Trainee: 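This is the structure I have questions about; it appears just below.
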Amino acid sequence: METVFSVKDFNLFYGEHQVLKNINIDIYKNKVTAFIGPSGCGKSSFLRSFNKMNDFVGTAHSTGTIDFENCDIKKIDAQSLRLKVGMVFQKPNPFKMSIFENVAYGLRCKGINDRKILEEKVQDALQKAALWDEVKDKLDQPGTSLSGGQQQRLCIARTIVLSPEVILMDEPTSALDPIATKKIENLIEDLRKDFTIIIVTHSMQQAACVSDYTAFFLMGDLIEYEKSKTFFSMPKDKRSEDYISGRFG
Amino acid sequence: MQKLKDKFQYSLMIISSLIVFSFFGYILLFIILNGYRHINLTFIFSTDAAHGILSMIVATLIIVIISVIVSVIIALATAIYLSEYAKDHFLKTVIIFSIDSLVSIPSIVYGLFGLAFFVGTLQLKFSILSGALTISIMLLPVLINTILEALKTVGNDLKASSYALGANKSQTIFKVIIPEVRDNIFTGIILSIAKVLSESAPFILTAGVVAKMPKSIFSSARTLTTHMYLLISEGSEKNAMQLAFASGTILIALIVLLNLSVNYIKTKMGGH
């Protein structure tokens, strides 16, 4: 199986506080990997390490290596890394521009302004994000006019228009209602064909249902990393079992 | 008992609102009723100061346009620097303290400064430009604070989303952050226009009092409020009081017109 990210002896600190302790993990290509664990276990911070979003936290520093396609991400410039490793955030947050421009944003920032290319790519991305049919007649309306679930799919479209290798999702459904959540989960099913997905989630049901692999974090330690089927049916570690059965967290 | 209390509070609020509204309505009516008789086409369109106020309207509008453009650009740049770039906490505190202090300086002092600096040192003489630049400084603190408060409400996730799409800092600022605060910038512009229209003291000291149609921004000119003040204080006209009220009526119409046009531009720009 091809590895996209290979993490070795990774430690992350915010100032004095150690958030992640000695993490070793391989993320596989075209698979969905779920990061689960109680609040404050470091799973979101870990996710943000993959596209260097922790650079914005002034006190953050790390040791160890994260290799992206066999190249240490410390050697890759943040902007080009983020074009290959996209991210979808917790709350849907479209920019204050039209639906079309929201999706075209990343391309325009790259310097692509040819109307024809933009139209083609925007349509393709919206189709992949299962939003095209709902918005094709109102592409010039503001992105904020959509419903919460549509907005989140717009944010996904905005990310996949750049054809990244990996999409990082930080609790992408926690602000959505059950129906919108189901739609995003179905979308993740479809997206795994083209992308590698890493998803942080609080919902164990979601992890079990959408992911191929599950990593369980607890207070900065990676406790268990296993195929999701195995992990949820017979966890090896006592703490994983306790967490799955709802005894803490 | 509770019901009675509710009713009392409710009527108190209604009465207060009515008092505020009746002051506003009374002042408005008083000015218009005293002024409207003198308003005719000659009064508005004659460039001869003895009969008409067109030169003052033009001077006032040019000052509004220049000062709003100058102050919005400086205020936006300052607010963005303070909220997105400034890391030195001491420097930031000093700048914010200076901005807050600028608010409480009386306008006549700004006028004196403009007289010494723009009129004198920069040799701009008594001119529309001197007046506009002086009032621009006065507008800065309110504009900066309005924009700064708005910038604080722009979510970190929104900025992060932009960076996560491979955007750099200036792309994020110009395409994502500024559009988020666009409405607040327009609110600031409306407040600024009102302030420019209502000031007179700084203009007497910097733009001068020449009641002629300005030839360029380097000409000395009289604003509407200056005109009203001079009419009454000089008393050279027989019906100075009525003329002042007529000018006031035009000024109010100008305020309403400018606010409407700013609102129009705002909705036009937000129309996509």
Side-chain angles (χ1 to χ4, degrees), chain A residues 47-48 50-58 77-112 138-145 154-155 157-162 164 167-171 175, chain B residues 72 76 79-93 146-189 263 265-272:
Chain A
L47 192 76
R48 283 161 181 265
F50 288 110
N51 65 342
K52 294 198 178 183
M53 290 310 273
N54 284 325
D55 289 6
F56 296 109
V57 183
D77 126 87
Q79 241 175 302
S80 30
L81 177 68
R82 288 174 194 144
L83 291 174
K84 295 198 165 175
V85 185
M87 187 167 212
V88 175
F89 293 76
Q90 195 168 356
K91 272 196 203 126
N93 51 4
F95 302 134
K96 212 167 190 169
M97 40 180 104
S98 68
I99 293 170
F100 182 89
E101 289 300 329
N102 258 287
V103 184
Y105 179 78
L107 296 171
R108 283 199 195 273
C109 285
K110 257 170 78 176
I112 302 173
K138 48 177 184 178
L139 290 172
D140 54 345
Q141 283 178 26
T144 43
S145 66
L154 181 66
C155 293
R158 181 167 86 175
T159 307
I160 60 186
V161 80
L162 296 165
I167 304 175
L168 309 172
M169 297 185 171
D170 191 359
E171 298 181 45
Chain B
V72 164
L76 193 59
I80 284 176
Y81 170 73
L82 287 175
S83 97
E84 307 300 322
Y85 288 93
K87 280 187 186 128
D88 184 341
H89 288 289
F90 178 71
L91 184 68
K92 206 171 161 176
T93 317
T146 311
I147 300 173
L148 206 53
E149 285 307 310
L151 286 173
K152 277 185 197 159
T153 65
V154 177
N156 280 329
D157 263 10
L158 199 72
K159 296 177 202 170
S161 296
S162 171
Y163 291 123
L165 292 168
N168 59 31
K169 192 152 185 168
S170 68
Q171 287 165 334
T172 304
I173 288 173
F174 284 101
K175 293 182 174 177
V176 174
I177 299 179
I178 293 182
E180 284 293 317
V181 300
R182 208 198 58 223
D183 285 1
N184 303 76
I185 297 175
F186 277 105
T187 308
I189 289 177
N263 268 323
I265 298 171
K266 180 174 145 185
T267 38
K268 267 275 150 161
M269 279 178 68
H272 61 75

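Every value quoted in this text rests on a predicted model; they were computed, and no experiment measured them. Chain letters run A, B, ... following the sequence lines, proteins first, then strands; residues in each count from 1.
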Trainee: If I compare all heavy atoms of A:Leu162 with all of B:Leu165, which pair ends up nearest, and what's the gap?
Mentor: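 For A:Leu162 versus B:Leu165, the nearest heavy atoms are CD1-O, 3.6 Å.
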Trainee: OG/B:Ser161 to CZ/A:Phe95 distance, rounded to the nearest 0.5 angstrom?
Mentor: 5.5 Å
Trainee: Look at atom OH of B:Tyr85 and say whether more than 12 heavy atoms of other residues, nucleotides or ligands are closer to it than 6.0 Å.
Mentor: yes
Trainee: Below 4.5 Å from any heavy atom of chain B, which atoms of A:Pro164 appear? Answer side chain, backbone, both or neither.
Mentor: neither
Trainee: Could you measure the distance from the CD atom of B:Glu180 to the CG atom of A:Asn93? Nearest 0.5 Å is fine.
Mentor: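 One gets 9.0 Å once the value is rounded to the nearest 0.5 Å.
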Trainee: Between B:Lys175 and A:Arg108, is any pair of side-chain heavy atoms under 4.5 Å apart?
Mentor: yes
Trainee: Among A:Lys52, A:Gln79, A:Arg82, A:Met87, exactly one meets side-chain contact (heavy atoms from CB on, under 4.5 Å) together with B:Tyr163. Which residue is that?
Mentor: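 The residue from A:Lys52, A:Gln79, A:Arg82, A:Met87 that satisfies side-chain contact (heavy atoms from CB on, under 4.5 Å) with B:Tyr163 turns out to be A:Arg82.
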Trainee: Restricting to non-hydrogen atoms, name the atom on B:Ala164 and the atom on A:Asn51 that form the minimum distance, rounded to 0.1 Å.
Mentor: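 Shortest heavy-atom contact: CB-ND2, 4.2 Å.
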Trainee: NZ of A:Lys91: more than 12 outside heavy atoms within 6.0 angstrom?
Mentor: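 Incorrect, the count does not exceed 12.
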